[in-house]
Amino acid sequence: MNVVTRFAPSPTGFLHIGGARTALFNWLFARRHGGKYLLRIEDTDRQRSTAEAVDAIHDGLSWLGLEGDEPAISQSARAARHAEVAADLVARGAAYHCYLTEDELAALRDEARAAGVPVRSPWRDRDDAPDGPFVVRMRMPDSGETTIDDSVQGHVTVQNRTLDDMVILRADGTPTYMLAVVVDDHDMGVTHVIRGDDHLNNAFRQTMVYHGMGWDVPVFAHIPLIHGADGAKLSKRHGALGVDAYRGMGFLPDALANYLLRLGWSHGDDEIISRENAIAWFDLAQVGKSPARFDLDKLSDVNSHYLRSLDADSLWDLIAPHIDATSPQARARVVALKPLLAERARTHLDIAGSIGYLLHDGAPMMQEDAAGLLDDEARTRLVKLVGDLPNAPWKGESLATFLKEWLTANGLKMKDIGLPLRAALTGTRQSPSITDVMAALGPHETEKRIGETCKI
RNA sequence: GUCCCGUUCGUCUAGGGGUCUAGGACACCGCCCUUUCACGGCGGCAACACGAGUUCGAAUCUCGUACGGGAUGCCA
(Lines give C-alpha, C1' and ligand atoms only; values in the text may rest on other atoms or scores of the structure.)
Protein backbone atom coordinates (compact mmCIF):
# COMPACT_ATOMS: atom_id res chain seq x y z
CA MET A 1 0.00 0.00 0.00
CA ASN A 2 1.11 3.51 -0.76
CA VAL A 3 0.98 5.09 2.67
CA VAL A 4 0.18 8.76 3.18
CA THR A 5 -0.04 10.24 6.68
CA ARG A 6 -0.50 13.76 7.85
CA PHE A 7 -0.09 15.88 10.92
CA ALA A 8 -2.79 18.52 11.15
CA PRO A 9 -2.30 20.96 14.00
CA SER A 10 -4.57 23.90 14.57
CA PRO A 11 -2.54 27.11 14.85
CA THR A 12 -3.89 28.40 18.12
CA GLY A 13 -0.59 28.26 19.97
CA PHE A 14 2.81 26.66 20.00
CA LEU A 15 3.50 23.08 19.06
CA HIS A 16 2.79 21.33 22.31
CA ILE A 17 4.27 18.11 23.48
CA GLY A 18 1.23 16.00 22.61
CA GLY A 19 1.10 17.40 19.10
CA ALA A 20 4.79 16.72 18.70
CA ARG A 21 4.22 13.10 19.58
CA THR A 22 1.35 12.80 17.13
CA ALA A 23 3.57 14.30 14.45
CA LEU A 24 6.35 11.87 15.38
CA PHE A 25 4.07 8.84 15.08
CA ASN A 26 2.78 10.01 11.71
CA TRP A 27 6.31 10.67 10.50
CA LEU A 28 7.53 7.32 11.74
CA PHE A 29 4.65 5.40 10.24
CA ALA A 30 5.14 7.02 6.85
CA ARG A 31 8.89 6.40 6.93
CA ARG A 32 8.38 2.84 8.05
CA HIS A 33 6.23 2.11 5.04
CA GLY A 34 8.10 4.22 2.54
CA GLY A 35 5.15 6.58 2.31
CA LYS A 36 4.56 10.28 2.49
CA TYR A 37 4.11 12.45 5.55
CA LEU A 38 2.20 15.66 4.98
CA LEU A 39 1.40 18.77 6.98
CA ARG A 40 -1.87 20.62 7.08
CA ILE A 41 -2.64 23.67 9.12
CA GLU A 42 -6.18 23.39 10.43
CA ASP A 43 -7.08 27.04 10.45
CA THR A 44 -10.77 26.78 9.69
CA ASP A 45 -11.38 28.75 12.85
CA ARG A 46 -9.97 32.03 11.60
CA GLN A 47 -10.67 33.76 14.86
CA ARG A 48 -8.28 31.66 16.85
CA SER A 49 -5.62 31.08 14.25
CA THR A 50 -2.53 33.23 14.12
CA ALA A 51 0.43 33.50 11.82
CA GLU A 52 2.75 33.45 14.82
CA ALA A 53 1.32 30.11 15.86
CA VAL A 54 1.92 28.71 12.39
CA ASP A 55 5.54 29.83 12.59
CA ALA A 56 5.92 28.38 16.06
CA ILE A 57 4.59 25.04 14.88
CA HIS A 58 7.00 24.96 11.95
CA ASP A 59 9.86 25.91 14.22
CA GLY A 60 9.03 23.11 16.60
CA LEU A 61 8.65 20.57 13.85
CA SER A 62 11.85 21.46 12.08
CA TRP A 63 13.77 21.39 15.34
CA LEU A 64 12.50 17.86 15.89
CA GLY A 65 13.22 16.91 12.30
CA LEU A 66 9.54 16.39 11.56
CA GLU A 67 8.87 18.81 8.75
CA GLY A 68 6.48 17.58 6.11
CA ASP A 69 7.58 16.00 2.85
CA GLU A 70 5.73 18.73 0.98
CA PRO A 71 4.87 22.34 1.82
CA ALA A 72 2.11 22.56 4.41
CA ILE A 73 -1.41 22.98 3.19
CA SER A 74 -3.58 25.67 4.68
CA GLN A 75 -7.05 24.40 5.33
CA SER A 76 -8.64 27.83 5.10
CA ALA A 77 -7.41 28.17 1.53
CA ARG A 78 -9.61 25.28 0.55
CA ALA A 79 -12.92 26.66 1.79
CA ALA A 80 -14.42 26.76 -1.70
CA ARG A 81 -13.77 23.08 -2.21
CA HIS A 82 -15.30 22.30 1.19
CA ALA A 83 -18.45 24.23 0.31
CA GLU A 84 -18.59 22.41 -2.99
CA VAL A 85 -18.51 19.05 -1.24
CA ALA A 86 -21.16 20.22 1.22
CA ALA A 87 -23.43 21.09 -1.71
CA ASP A 88 -22.66 17.73 -3.26
CA LEU A 89 -23.60 16.01 -0.03
CA VAL A 90 -26.92 17.83 -0.02
CA ALA A 91 -27.55 16.87 -3.63
CA ARG A 92 -26.83 13.24 -2.75
CA GLY A 93 -29.25 13.38 0.14
CA ALA A 94 -26.56 12.78 2.74
CA ALA A 95 -26.94 16.28 4.13
CA TYR A 96 -29.62 18.92 4.32
CA HIS A 97 -30.24 22.61 4.91
CA CYS A 98 -31.23 23.43 8.45
CA TYR A 99 -32.93 26.74 9.21
CA LEU A 100 -33.06 26.40 12.97
CA THR A 101 -32.56 29.64 14.86
CA GLU A 102 -30.18 29.75 17.77
CA ASP A 103 -32.98 29.69 20.29
CA GLU A 104 -34.74 26.81 18.62
CA LEU A 105 -31.47 24.92 18.50
CA ALA A 106 -30.79 25.55 22.17
CA ALA A 107 -34.22 24.26 23.10
CA LEU A 108 -33.75 21.24 20.90
CA ARG A 109 -30.39 20.52 22.43
CA ASP A 110 -31.75 20.66 25.97
CA GLU A 111 -34.53 18.35 24.97
CA ALA A 112 -32.21 15.90 23.28
CA ARG A 113 -29.84 15.86 26.19
CA ALA A 114 -32.62 15.22 28.66
CA ALA A 115 -33.81 12.36 26.54
CA GLY A 116 -30.28 11.07 26.10
CA VAL A 117 -30.46 11.24 22.35
CA PRO A 118 -28.40 13.16 19.79
CA VAL A 119 -29.54 16.40 18.20
CA ARG A 120 -31.47 15.93 15.00
CA SER A 121 -33.04 18.87 13.27
CA PRO A 122 -36.65 18.72 12.11
CA TRP A 123 -35.40 20.17 8.85
CA ARG A 124 -33.91 16.82 7.89
CA ASP A 125 -37.44 15.79 6.84
CA ARG A 126 -38.74 19.01 5.34
CA ASP A 127 -38.89 19.93 1.71
CA ASP A 128 -39.57 23.64 1.99
CA ALA A 129 -36.75 26.14 1.77
CA PRO A 130 -37.46 29.40 3.52
CA ASP A 131 -35.58 32.47 2.49
CA GLY A 132 -33.17 32.80 5.37
CA PRO A 133 -29.82 31.75 6.76
CA PHE A 134 -29.17 28.06 7.07
CA VAL A 135 -26.44 25.66 7.97
CA VAL A 136 -25.78 22.34 6.30
CA ARG A 137 -26.13 19.29 8.51
CA MET A 138 -25.34 15.66 7.90
CA ARG A 139 -28.30 13.31 7.79
CA MET A 140 -27.19 10.53 10.11
CA PRO A 141 -28.70 7.06 9.75
CA ASP A 142 -31.43 6.13 12.22
CA SER A 143 -30.55 2.49 12.37
CA GLY A 144 -27.66 0.14 11.99
CA GLU A 145 -24.24 0.45 13.48
CA THR A 146 -20.81 1.51 12.36
CA THR A 147 -17.60 -0.27 13.25
CA ILE A 148 -14.18 1.19 12.96
CA ASP A 149 -11.22 -1.13 12.91
CA ASP A 150 -8.84 1.26 14.62
CA SER A 151 -5.17 0.33 14.44
CA VAL A 152 -4.68 1.27 18.05
CA GLN A 153 -8.11 0.99 19.66
CA GLY A 154 -9.19 -2.18 17.90
CA HIS A 155 -12.75 -2.76 16.77
CA VAL A 156 -15.00 -0.05 18.09
CA THR A 157 -18.70 -0.10 17.31
CA VAL A 158 -21.25 2.63 17.69
CA GLN A 159 -24.99 2.63 17.08
CA ASN A 160 -25.79 5.01 14.23
CA ARG A 161 -28.76 6.43 16.08
CA THR A 162 -26.39 7.90 18.67
CA LEU A 163 -24.76 10.09 16.03
CA ASP A 164 -25.90 13.70 15.80
CA ASP A 165 -26.69 15.62 12.66
CA MET A 166 -23.53 17.64 12.90
CA VAL A 167 -23.11 20.92 11.10
CA ILE A 168 -20.69 20.71 8.20
CA LEU A 169 -21.20 24.16 6.72
CA ARG A 170 -21.83 27.21 8.84
CA ALA A 171 -24.46 29.85 8.11
CA ASP A 172 -21.73 32.04 6.63
CA GLY A 173 -20.85 29.31 4.18
CA THR A 174 -17.57 28.33 5.81
CA PRO A 175 -16.84 24.68 6.55
CA THR A 176 -16.57 23.20 10.01
CA TYR A 177 -13.72 20.98 11.03
CA MET A 178 -15.83 17.84 10.59
CA LEU A 179 -16.22 18.52 6.90
CA ALA A 180 -12.87 20.08 6.15
CA VAL A 181 -10.88 17.31 7.76
CA VAL A 182 -12.59 14.66 5.66
CA VAL A 183 -12.41 16.55 2.39
CA ASP A 184 -8.76 17.45 2.89
CA ASP A 185 -7.71 14.00 3.98
CA HIS A 186 -9.45 12.58 0.95
CA ASP A 187 -8.04 15.11 -1.49
CA MET A 188 -4.55 14.71 -0.05
CA GLY A 189 -4.80 10.98 -0.48
CA VAL A 190 -4.31 10.31 3.22
CA THR A 191 -4.45 6.57 3.85
CA HIS A 192 -3.80 6.54 7.58
CA VAL A 193 -5.21 9.04 10.01
CA ILE A 194 -3.08 8.96 13.16
CA ARG A 195 -4.30 11.45 15.75
CA GLY A 196 -5.20 11.92 19.38
CA ASP A 197 -7.90 9.68 20.79
CA ASP A 198 -10.02 12.69 21.61
CA HIS A 199 -11.04 12.26 17.97
CA LEU A 200 -12.16 8.68 18.29
CA ASN A 201 -15.81 9.64 18.57
CA ASN A 202 -15.46 12.09 15.71
CA ALA A 203 -14.22 9.31 13.49
CA PHE A 204 -17.69 7.80 13.39
CA ARG A 205 -19.28 11.05 12.38
CA GLN A 206 -16.64 11.67 9.79
CA THR A 207 -17.10 8.18 8.44
CA MET A 208 -20.59 9.24 7.39
CA VAL A 209 -19.15 12.03 5.32
CA TYR A 210 -16.89 9.56 3.53
CA HIS A 211 -19.87 7.29 2.94
CA GLY A 212 -21.99 10.21 1.77
CA MET A 213 -19.43 11.02 -0.90
CA GLY A 214 -18.74 7.42 -1.74
CA TRP A 215 -15.09 7.84 -0.73
CA ASP A 216 -12.81 5.23 0.77
CA VAL A 217 -12.51 5.57 4.52
CA PRO A 218 -8.87 5.80 5.64
CA VAL A 219 -7.39 3.61 8.34
CA PHE A 220 -7.76 5.27 11.71
CA ALA A 221 -5.29 5.08 14.57
CA HIS A 222 -6.31 7.00 17.66
CA ILE A 223 -3.42 7.34 20.03
CA PRO A 224 -3.92 8.22 23.70
CA LEU A 225 -3.20 11.70 24.89
CA ILE A 226 -0.32 12.56 27.18
CA HIS A 227 -1.15 13.59 30.71
CA GLY A 228 0.76 15.80 33.09
CA ALA A 229 2.83 14.40 35.93
CA ASP A 230 -0.21 14.80 38.17
CA GLY A 231 -2.33 12.66 35.89
CA ALA A 232 -4.49 15.50 34.71
CA LYS A 233 -4.96 16.16 31.05
CA LEU A 234 -2.12 18.18 29.72
CA SER A 235 -3.26 21.74 29.30
CA LYS A 236 -1.35 24.96 29.21
CA ARG A 237 -1.83 25.24 32.94
CA HIS A 238 -0.53 21.75 33.47
CA GLY A 239 2.87 22.00 31.94
CA ALA A 240 1.78 21.36 28.38
CA LEU A 241 4.69 23.42 27.33
CA GLY A 242 5.61 24.00 23.75
CA VAL A 243 8.53 22.01 22.43
CA ASP A 244 10.44 25.29 22.40
CA ALA A 245 10.23 25.29 26.19
CA TYR A 246 11.90 21.90 26.38
CA ARG A 247 14.46 23.11 23.91
CA GLY A 248 15.07 26.01 26.23
CA MET A 249 15.57 23.63 29.14
CA GLY A 250 18.44 22.11 27.24
CA PHE A 251 16.88 18.96 25.89
CA LEU A 252 18.19 17.63 22.62
CA PRO A 253 15.65 17.06 19.82
CA ASP A 254 16.60 13.42 19.38
CA ALA A 255 16.26 12.87 23.10
CA LEU A 256 12.82 14.47 23.22
CA ALA A 257 11.72 12.41 20.24
CA ASN A 258 13.09 9.25 21.81
CA TYR A 259 11.30 9.99 25.06
CA LEU A 260 8.04 10.82 23.29
CA LEU A 261 8.26 7.64 21.28
CA ARG A 262 8.55 5.56 24.43
CA LEU A 263 5.50 7.26 25.88
CA GLY A 264 2.85 4.82 24.84
CA TRP A 265 4.94 2.77 22.49
CA SER A 266 7.52 0.14 23.22
CA HIS A 267 9.80 -2.33 21.58
CA GLY A 268 10.53 -4.89 24.25
CA ASP A 269 12.89 -3.48 26.83
CA ASP A 270 14.58 -1.02 24.51
CA GLU A 271 14.91 2.47 25.92
CA ILE A 272 17.44 4.34 23.82
CA ILE A 273 16.22 4.01 20.27
CA SER A 274 17.86 5.67 17.29
CA ARG A 275 15.78 7.24 14.55
CA GLU A 276 16.91 4.48 12.29
CA ASN A 277 15.70 1.77 14.64
CA ALA A 278 12.55 3.69 15.40
CA ILE A 279 11.69 3.70 11.71
CA ALA A 280 12.49 0.03 11.37
CA TRP A 281 10.52 -0.93 14.46
CA PHE A 282 7.59 1.45 14.62
CA ASP A 283 4.28 -0.28 14.64
CA LEU A 284 0.82 1.04 15.43
CA ALA A 285 -0.16 -2.26 17.02
CA GLN A 286 2.41 -1.69 19.76
CA VAL A 287 0.95 1.66 20.73
CA GLY A 288 -0.71 1.36 24.13
CA LYS A 289 -4.27 2.48 24.68
CA SER A 290 -3.91 4.22 28.00
CA PRO A 291 -2.65 7.75 28.49
CA ALA A 292 0.88 8.20 29.78
CA ARG A 293 2.17 10.79 32.18
CA PHE A 294 4.94 13.12 31.24
CA ASP A 295 8.00 12.61 33.42
CA LEU A 296 10.85 15.10 33.33
CA ASP A 297 13.21 12.80 35.25
CA LYS A 298 13.00 10.18 32.59
CA LEU A 299 13.37 12.74 29.84
CA SER A 300 16.50 13.99 31.59
CA ASP A 301 17.91 10.52 31.73
CA VAL A 302 17.24 9.93 28.05
CA ASN A 303 18.81 13.28 27.31
CA SER A 304 21.98 12.38 29.20
CA HIS A 305 22.43 9.40 26.92
CA TYR A 306 22.18 11.57 23.83
CA LEU A 307 24.45 14.16 25.40
CA ARG A 308 27.13 11.55 25.88
CA SER A 309 26.99 10.44 22.28
CA LEU A 310 27.14 13.98 20.98
CA ASP A 311 30.41 14.96 19.32
CA ALA A 312 32.51 17.60 21.05
CA ASP A 313 32.14 20.27 18.40
CA SER A 314 28.37 20.02 18.43
CA LEU A 315 28.41 20.38 22.18
CA TRP A 316 30.50 23.51 21.89
CA ASP A 317 28.05 24.98 19.38
CA LEU A 318 25.22 24.22 21.74
CA ILE A 319 26.74 25.86 24.79
CA ALA A 320 28.41 28.75 22.99
CA PRO A 321 25.34 31.01 23.24
CA HIS A 322 25.18 30.42 26.97
CA ILE A 323 28.74 31.26 27.96
CA ASP A 324 31.15 34.14 27.69
CA ALA A 325 34.55 32.64 27.20
CA THR A 326 37.51 34.99 27.54
CA SER A 327 40.32 32.50 27.12
CA PRO A 328 41.43 31.70 23.59
CA GLN A 329 41.89 28.16 24.86
CA ALA A 330 38.32 27.77 26.08
CA ARG A 331 37.01 25.81 23.16
CA ALA A 332 39.98 23.48 23.00
CA ARG A 333 39.67 22.74 26.71
CA VAL A 334 35.95 22.04 26.56
CA VAL A 335 36.37 19.85 23.53
CA ALA A 336 39.16 17.93 25.22
CA LEU A 337 37.10 17.31 28.34
CA LYS A 338 33.79 16.81 26.56
CA PRO A 339 33.31 13.12 27.37
CA LEU A 340 34.03 13.70 31.06
CA LEU A 341 31.83 16.77 31.15
CA ALA A 342 28.92 15.01 29.46
CA GLU A 343 29.16 12.16 31.93
CA ARG A 344 28.41 14.61 34.71
CA ALA A 345 25.47 16.38 33.13
CA ARG A 346 21.89 15.83 32.13
CA THR A 347 21.78 18.66 29.61
CA HIS A 348 24.32 20.87 27.88
CA LEU A 349 23.03 23.70 30.05
CA ASP A 350 24.38 21.87 33.10
CA ILE A 351 27.75 21.87 31.40
CA ALA A 352 27.56 25.50 30.37
CA GLY A 353 26.94 26.44 33.97
CA SER A 354 29.80 24.50 35.50
CA ILE A 355 32.83 25.15 33.35
CA GLY A 356 33.81 28.68 34.21
CA TYR A 357 37.31 27.46 35.09
CA LEU A 358 37.80 26.34 31.50
CA LEU A 359 36.57 29.54 29.93
CA HIS A 360 38.83 32.05 31.61
CA ASP A 361 42.56 32.14 32.25
CA GLY A 362 44.19 32.85 35.56
CA ALA A 363 42.93 32.20 39.05
CA PRO A 364 39.45 30.72 38.91
CA MET A 365 36.51 32.27 40.66
CA MET A 366 36.72 30.64 44.06
CA GLN A 367 33.51 29.16 45.44
CA GLU A 368 33.04 29.44 49.15
CA ASP A 369 33.12 25.75 49.93
CA ALA A 370 36.30 25.35 47.89
CA ALA A 371 38.18 28.26 49.38
CA GLY A 372 38.32 26.59 52.78
CA LEU A 373 40.28 23.75 51.29
CA LEU A 374 43.29 25.91 50.65
CA ASP A 375 44.80 26.24 54.07
CA ASP A 376 48.46 26.95 54.65
CA GLU A 377 49.45 23.33 54.63
CA ALA A 378 47.63 22.64 51.39
CA ARG A 379 49.08 25.67 49.69
CA THR A 380 52.55 24.76 50.76
CA ARG A 381 52.16 21.31 49.29
CA LEU A 382 50.70 22.62 46.07
CA VAL A 383 53.54 25.05 45.59
CA LYS A 384 55.97 22.23 46.05
CA LEU A 385 54.00 20.17 43.57
CA VAL A 386 54.22 22.90 40.98
CA GLY A 387 57.95 22.95 41.35
CA ASP A 388 58.15 19.24 40.70
CA LEU A 389 55.76 19.17 37.73
CA PRO A 390 57.12 17.23 34.76
CA ASN A 391 57.65 18.85 31.40
CA ALA A 392 55.97 16.21 29.31
CA PRO A 393 53.83 14.51 28.37
CA TRP A 394 50.80 16.45 29.56
CA LYS A 395 48.20 13.76 29.23
CA GLY A 396 45.68 12.82 31.88
CA GLU A 397 46.97 9.33 32.29
CA SER A 398 50.64 10.18 32.60
CA LEU A 399 49.86 13.03 34.93
CA ALA A 400 47.93 10.62 37.13
CA THR A 401 50.95 8.35 37.22
CA PHE A 402 53.23 11.25 38.01
CA LEU A 403 50.96 12.44 40.79
CA LYS A 404 50.90 9.01 42.43
CA GLU A 405 54.65 8.74 42.35
CA TRP A 406 55.06 12.25 43.64
CA LEU A 407 52.70 11.54 46.51
CA THR A 408 54.58 8.39 47.43
CA ALA A 409 57.87 10.21 47.26
CA ASN A 410 56.52 12.86 49.62
CA GLY A 411 54.80 10.48 51.98
CA LEU A 412 51.37 11.75 51.10
CA LYS A 413 48.05 10.24 50.07
CA MET A 414 45.82 11.39 47.26
CA LYS A 415 43.30 12.64 49.77
CA ASP A 416 45.93 14.98 51.15
CA ILE A 417 46.10 16.93 47.95
CA GLY A 418 43.28 15.96 45.61
CA LEU A 419 40.64 18.36 46.83
CA PRO A 420 42.96 21.34 47.37
CA LEU A 421 44.43 20.84 43.93
CA ARG A 422 40.95 20.84 42.45
CA ALA A 423 40.02 23.95 44.39
CA ALA A 424 43.19 25.76 43.28
CA LEU A 425 42.65 24.84 39.65
CA THR A 426 38.87 25.08 39.30
CA GLY A 427 37.65 27.05 42.29
CA THR A 428 35.18 24.24 42.99
CA ARG A 429 34.95 20.95 44.82
CA GLN A 430 33.60 19.05 41.83
CA SER A 431 35.09 18.60 38.43
CA PRO A 432 36.25 15.81 36.17
CA SER A 433 39.33 13.91 37.28
CA ILE A 434 41.80 16.57 38.35
CA THR A 435 44.64 15.16 36.28
CA ASP A 436 42.43 15.34 33.20
CA VAL A 437 41.67 18.93 34.06
CA MET A 438 45.41 19.62 34.39
CA ALA A 439 45.96 18.06 31.00
CA ALA A 440 43.27 20.23 29.45
CA LEU A 441 44.67 23.35 31.11
CA GLY A 442 48.24 22.66 30.08
CA PRO A 443 51.44 23.15 32.14
CA HIS A 444 51.61 26.90 31.84
CA GLU A 445 48.05 27.57 32.95
CA THR A 446 48.30 24.97 35.71
CA GLU A 447 51.39 26.58 37.19
CA LYS A 448 49.95 30.03 36.82
CA ARG A 449 46.77 29.14 38.65
CA ILE A 450 48.47 27.41 41.50
CA GLY A 451 50.88 30.26 41.71
CA GLU A 452 48.04 32.73 42.04
CA THR A 453 45.74 30.77 44.29
CA CYS A 454 48.46 29.45 46.58
CA LYS A 455 50.56 32.48 47.38
CA ILE A 456 52.00 32.01 50.81
C1' G B 1 -27.92 12.19 31.13
C1' U B 2 -26.25 9.29 26.70
C1' C B 3 -22.27 7.14 23.92
C1' C B 4 -17.00 5.76 23.42
C1' C B 5 -12.06 4.58 25.48
C1' G B 6 -8.89 3.26 29.41
C1' U B 7 -6.91 0.89 34.40
C1' U B 8 0.50 -3.91 35.73
C1' C B 9 5.80 -0.98 40.74
C1' G B 10 5.65 6.54 42.38
C1' U B 11 6.48 7.15 36.60
C1' C B 12 7.27 4.85 31.42
C1' U B 13 6.49 -0.05 30.25
C1' A B 14 7.31 -5.99 29.12
C1' G B 15 3.52 -9.44 29.31
C1' G B 16 -1.23 -11.68 24.36
C1' G B 17 -4.01 -18.88 29.52
C1' G B 18 0.64 -22.38 32.28
C1' U B 19 7.94 -20.63 31.47
C1' C B 20 4.96 -14.73 36.45
C1' U B 21 7.34 -16.54 43.73
C1' A B 22 5.31 -10.62 37.19
C1' G B 23 10.81 -8.69 33.72
C1' G B 24 13.30 -3.88 32.18
C1' A B 25 14.01 1.54 32.53
C1' C B 26 13.56 6.29 35.42
C1' A B 27 13.25 7.99 40.42
C1' C B 28 14.53 6.54 45.46
C1' C B 29 17.74 3.72 49.19
C1' G B 30 22.25 0.73 50.29
C1' C B 31 27.06 -1.31 48.92
C1' C B 32 31.38 -1.46 45.58
C1' C B 33 34.72 1.41 42.46
C1' U B 34 37.03 6.27 43.58
C1' U B 35 41.20 12.52 44.30
C1' U B 36 35.64 15.25 44.21
C1' C B 37 31.21 14.97 41.43
C1' A B 38 29.60 11.73 38.13
C1' C B 39 29.78 7.23 35.19
C1' G B 40 29.79 2.07 35.90
C1' G B 41 28.81 -2.53 38.75
C1' C B 42 25.94 -5.10 42.51
C1' G B 43 21.70 -5.23 45.64
C1' G B 44 17.02 -3.29 47.74
C1' C B 45 12.08 -0.99 47.91
C1' A B 46 7.83 -1.31 44.85
C1' A B 47 2.49 -3.18 40.75
C1' C B 48 -1.51 -7.00 37.89
C1' A B 49 -8.13 -1.29 40.53
C1' C B 50 -12.20 -4.40 42.74
C1' G B 51 -15.86 -8.45 42.26
C1' A B 52 -17.92 -12.42 39.76
C1' G B 53 -17.47 -15.96 35.81
C1' U B 54 -15.01 -19.31 31.89
C1' U B 55 -10.91 -22.90 32.62
C1' C B 56 -7.34 -28.23 35.37
C1' G B 57 -4.98 -23.28 35.35
C1' A B 58 -6.09 -15.91 34.31
C1' A B 59 -2.04 -10.15 34.75
C1' U B 60 -3.61 -12.44 30.23
C1' C B 61 -10.65 -14.33 28.03
C1' U B 62 -16.05 -12.60 29.52
C1' C B 63 -19.36 -9.67 32.45
C1' G B 64 -20.22 -6.17 36.28
C1' U B 65 -18.56 -2.23 39.72
C1' A B 66 -15.33 1.72 40.93
C1' C B 67 -12.21 5.35 39.34
C1' G B 68 -9.98 8.16 35.26
C1' G B 69 -10.35 10.23 30.21
C1' G B 70 -12.98 11.64 25.73
C1' A B 71 -17.38 12.99 22.74
C1' U B 72 -22.09 15.05 22.90
C1' G B 73 -20.40 23.15 19.52
C1' C B 74 -22.34 27.16 13.40
C1' C B 75 -14.01 24.72 18.34
C1' A B 76 -10.44 21.91 16.26
Side-chain angles (χ1 to χ4, degrees), chain A residues 8-12 42-45 47-49 75 98 100 102 105 109 112-119 133-137 148 150 152-154 156-159 161-164 166-172 174-178 180-181 195-205 222 224-225 227 229 231-233 259 262-272 288-302 304 308 339-345 354 370 373 400 403-404 407 413-423 426 428-435:
Chain A
S10 59
T12 54
E42 309 248 291
D43 51 1
T44 10
D45 185 354
Q47 295 302 109
R48 302 199 303 175
S49 303
Q75 191 161 65
C98 169
L100 245 31
E102 257 181 65
L105 213 207
R109 207 186 328 266
R113 196 185 174 82
V117 298
V119 169
F134 64 85
V135 299
V136 176
R137 287 181 181 276
I148 285 178
D150 192 285
V152 170
Q153 305 289 333
V156 184
T157 300
V158 139
Q159 297 302 311
R161 64 181 150 71
T162 66
L163 268 18
D164 68 330
M166 65 189 181
V167 172
I168 56 174
L169 206 66
R170 303 187 183 103
D172 65 1
T174 60
T176 62
Y177 165 76
M178 290 296 172
V181 70
R195 76 228 297 195
D197 68 5
D198 49 335
H199 285 293
L200 180 56
N201 291 285
N202 292 335
F204 291 94
R205 309 202 285 165
H222 290 94
L225 266 16
H227 286 185
K233 185 188 178 187
Y259 174 70
R262 282 286 290 106
L263 227 43
W265 180 85
S266 60
H267 183 267
D269 287 337
D270 293 305
E271 297 286 350
I272 302 303
K289 295 201 230 179
S290 52
R293 299 185 188 205
F294 195 86
D295 181 13
L296 268 184
D297 282 334
K298 183 84 174 219
L299 207 209
S300 295
D301 179 69
V302 172
S304 71
R308 277 178 251 167
L340 301 178
L341 257 16
E343 217 166 63
R344 293 163 169 74
S354 66
L373 259 16
L403 229 203
K404 278 198 190 91
L407 287 167
K413 297 285 189 197
M414 185 62 99
K415 67 176 160 56
D416 296 324
I417 205 167
L419 247 26
L421 180 55
R422 171 168 290 103
T426 71
T428 72
R429 295 179 76 115
Q430 300 94 230
S431 79
S433 169
I434 198 59
T435 44

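First the proteins, then the strands, lettered A, B, ... as listed; each starts at 1. Only heavy atoms go into these numbers, but all of them, side chains included; no hydrogens, no water, no symmetry mates. Worth saying up front: this structure is predicted, and the values here are computed from it rather than measured.
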A/Asp150 meets the salt bridge (charged side-chain N to carboxylate O under 4.0 Å, His left out) criterion, sequence neighbours left out, with none
Starting at the 5' end of nucleotides 38-49 of chain B, put B wherever the base has a protein heavy atom under 4.0 Å, S where only the sugar-phosphate does, and a dash everywhere else. BSS---------
Under the ring-ring contact (aromatic ring centres under 6.0 Å, His included) test, residues paired with A/Phe134 that sit two or more places apart: A/His97, A/Tyr99
Using the test salt bridge (charged side-chain N to carboxylate O under 4.0 Å, His left out), find all partners of A/Arg262 that sit at least two apart in sequence or belong to another chain. A/Glu271
Between the protein and nucleotides 59-65 of chain B, which nitrogen or oxygen pairs come in under 3.5 angstrom?
none

For A/Arg205, check salt bridge (charged side-chain N to carboxylate O under 4.0 Å, His left out) against everything at least two apart and list the hits. A/Asp164
Return the polar atom pairs (N/O with N/O) between nucleotides 2-4 of chain B and the protein under 3.5 Å, or none.
none

Contact string for nucleotides 7-14 of chain B, one letter per nucleotide 5' to 3', B = base within protein heavy-atom range under 4.0 Å, S = sugar-phosphate only, - = neither, reads S---SBSS
I'd like to check the salt bridge (charged side-chain N to carboxylate O under 4.0 Å, His left out) partners of A/Glu42; sequence neighbours left out, ordered by chain and number. A/Arg40
Tabulate protein N/O versus nucleotide N/O from nucleotides 74-76 of chain B, keeping only pairs under 3.5 Å, one per line.
from: B/C74; atom 1: O2; to: A/Ala171; atom 2: N; distance (Å): 3.1
from: B/C75; atom 1: OP2; to: A/Arg170; atom 2: NE; distance (Å): 2.2
from: B/C75; atom 1: OP2; to: A/Arg170; atom 2: NH2; distance (Å): 3.3
from: B/C75; atom 1: O3'; to: A/Arg170; atom 2: NH2; distance (Å): 3.2
from: B/C75; atom 1: O2'; to: A/Asp45; atom 2: OD2; distance (Å): 2.8
from: B/C75; atom 1: O2'; to: A/Arg48; atom 2: NH2; distance (Å): 3.1
from: B/C75; atom 1: O2; to: A/Arg48; atom 2: NH2; distance (Å): 3.2
from: B/A76; atom 1: OP1; to: A/Arg170; atom 2: NH2; distance (Å): 2.4
from: B/A76; atom 1: OP2; to: A/Arg170; atom 2: NH2; distance (Å): 3.4
from: B/A76; atom 1: OP2; to: A/Tyr177; atom 2: N; distance (Å): 2.9
from: B/A76; atom 1: O3'; to: A/Glu42; atom 2: O; distance (Å): 3.3
from: B/A76; atom 1: O2'; to: A/Ser10; atom 2: OG; distance (Å): 3.3
from: B/A76; atom 1: N6; to: A/Asn202; atom 2: ND2; distance (Å): 3.1
from: B/A76; atom 1: N1; to: A/Asn202; atom 2: ND2; distance (Å): 3.2

Contacts of A/Lys404 meeting side chain to side chain contact (heavy atoms under 4.5 Å, CB included) (sequence neighbours excluded), chain-then-number -> none
Looking at residues at least two apart in the chain, or sitting in another chain, which of them share a side chain to side chain contact (heavy atoms under 4.5 Å, CB included) with A/Asp416? A/Arg381, A/Leu412, A/Lys413
